[in-house]
Amino acid sequence: MDKNEFYAYIKQYFPLLTDTALLEEMYTFSVFKSLKEGDVLMDFGNYIRTIPLVVKGSIKIVRENENGNELLMYYLGEGDTCAMSLTCCMSHNKSEIRAITDTDVDLFMIPVEKVDEWMIKYRSWKSFIMQTYSKRFAELLTTIDSIAFLKMDERLSKYLIGKFDKLGSRELHITHQEIATDLNTSREVISRLLKQLEKRGEIILSRNKIALSQ
């Protein structure tokens, strides 16, 4: 990727990053990668060596308990980076999350040693990181509120709306088991609730696909 194309990506997806010297360093040290849907970008127990800056697609961030049950925490989309990754790398801890591509994804990978360095050197990078923490914290609160206060049918509806909005599509190519895993429940419960939504005319179900009916 040439410098002009790189600058265009940053200007479009990361408008907070305006320091010329920072952009020069980002161009020098970042690596552009394209990933396929279902690729594991980070996994539990691994040391994090790079931080993703997403320019295309969606990445699912999940946690896992000691019994192997997963819980969806949030999604990363265009213009996002991962606060949990930042926390682990800045404290030199192993990853406590798994990052899985939800679609095909394009991103820049930033070496972790540059994260702290740029926080000190560049005001716009610091602002970007602080905004990232604020956004992810708000999303985590929403996740906690959903688990604590919403019934499963309400959580499912909220989940589907979020997926449709994030992907900008009227169709989701996803299995009932994948939804159940994200919401930490059983496939049978999800299948039953999806059938209810279909009977109410809100969605159309077909094999491994959910479409909006309106």
Side-chain angles (χ1 to χ4, degrees), residues 1-19 21-63 70 72-90 93-119 122 124-140 162-169 172-174 178 182:
M1 178 181 295
D2 64 33
K3 186 177 291 188
N4 289 333
E5 187 178 4
F6 173 82
Y7 276 32
Y9 268 122
I10 299 301
K11 182 177 180 180
Q12 180 177 356
Y13 297 107
F14 304 95
L16 283 180
L17 304 179
T18 56
D19 292 284
L22 169 63
L23 298 182
E24 288 286 338
E25 288 204 54
M26 290 180 66
Y27 180 70
T28 300
F29 293 106
S30 65
V31 176
F32 183 78
K33 295 185 69 173
S34 294
L35 303 174
K36 295 297 185 181
E37 179 181 350
D39 285 349
V40 177
L41 182 61
M42 304 173 194
D43 211 348
F44 307 112
N46 294 339
Y47 283 105
I48 296 174
R49 307 299 183 188
T50 55
I51 299 300
L53 300 182
V54 183
V55 296
K56 173 190 171 184
S58 176
I59 299 174
K60 180 170 63 176
I61 306 299
V62 299
R63 285 269 286 170
E70 293 185 357
L72 173 65
M73 298 180 68
Y74 52 79
Y75 286 96
L76 302 180
E78 296 175 355
D80 286 337
T81 190
C82 182
M84 291 296 295
S85 301
L86 290 167
T87 299
C88 290
C89 80
M90 293 174 74
N93 290 328
K94 293 181 180 180
S95 174
E96 298 177 352
I97 55 97
R98 175 179 290 140
I100 310 168
T101 55
D102 205 40
T103 64
D104 290 350
V105 170
D106 291 338
L107 45 73
F108 294 106
M109 302 302 294
I110 305 294
V112 295
E113 60 269 18
K114 293 297 174 182
V115 175
D116 272 339
E117 180 183 327
W118 292 348
M119 285 279 285
Y122 302 114
S124 65
W125 178 260
K126 183 177 181 179
S127 296
F128 170 67
I129 297 301
M130 292 300 101
Q131 185 184 78
T132 293
Y133 277 120
S134 178
K135 183 178 180 180
R136 297 285 90 82
F137 182 69
E139 290 175 342
L140 286 174
K163 292 276 284 186
F164 283 123
D165 288 346
K166 195 73 174 179
L167 298 177
S169 172
L172 299 178
H173 294 272
I174 192 170
E178 288 171 329
D182 285 348

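- Side-chain contact, Tyr122 with Glu117: no donor N or O sits under 3.5 Å from an acceptor N or O.
- Nearest heavy atoms, Trp125 versus Val115: NE1-O, 3.3 Å.
- Although no hydrogens or angles enter the test, the distance criterion places a donor-acceptor pair under 3.5 Å between the side chain of Thr103 and the main chain of Ser58.
- Judged purely by atom type and a 3.5 angstrom limit, Thr101 uses its side chain to pair as donor or acceptor with the backbone of Lys36.
- The two residues Cys82 and Tyr74 come nearest to each other via the heavy atoms SG-OH, 3.2 Å.
- Between Asp106 and Ser34 the shortest heavy-atom distance is OD1-OG, 2.7 Å.
- Using a distance-only test at 3.5 Å, with no hydrogens or angles considered, no donor-acceptor pair links the side chain of Ser30 to the main chain of Met109.
- Arg63 places a side-chain N or O within 3.5 Å of a backbone atom of Glu96 that can act as its donor or acceptor partner.
- No donor-acceptor pair under 3.5 Å is formed between the side chain of Ser134 and the backbone N or O of Met130.
- Residues passing the salt bridge (Lys or Arg N to Asp or Glu O under 4.0 Å) test with Asp80, sequence neighbours excluded: Lys135, Arg136, Lys166.
- When only modelled atom types and interatomic distance are considered, Asp19 and Ser124 share a side-chain donor-acceptor pair under 3.5 Å.
- Every residue two or more places apart in sequence or in another chain was checked for a salt bridge (Lys or Arg N to Asp or Glu O under 4.0 Å) with Arg49, and none qualifies.
- Between Glu24 and Lys3, the shortest heavy-atom contact is OE1-NZ, 3.1 Å.
- Sorted by first then second residue, the ring-ring contact (aromatic ring centres under 6.0 Å, His included) pairs that include residues 95-115, not counting sequence neighbours, are Phe6-Phe108, Tyr9-Phe108, Phe32-Phe108.
- Across every non-hydrogen atom of Pro52 and Leu41, the tightest pair is CB-CD2, 4.0 Å.
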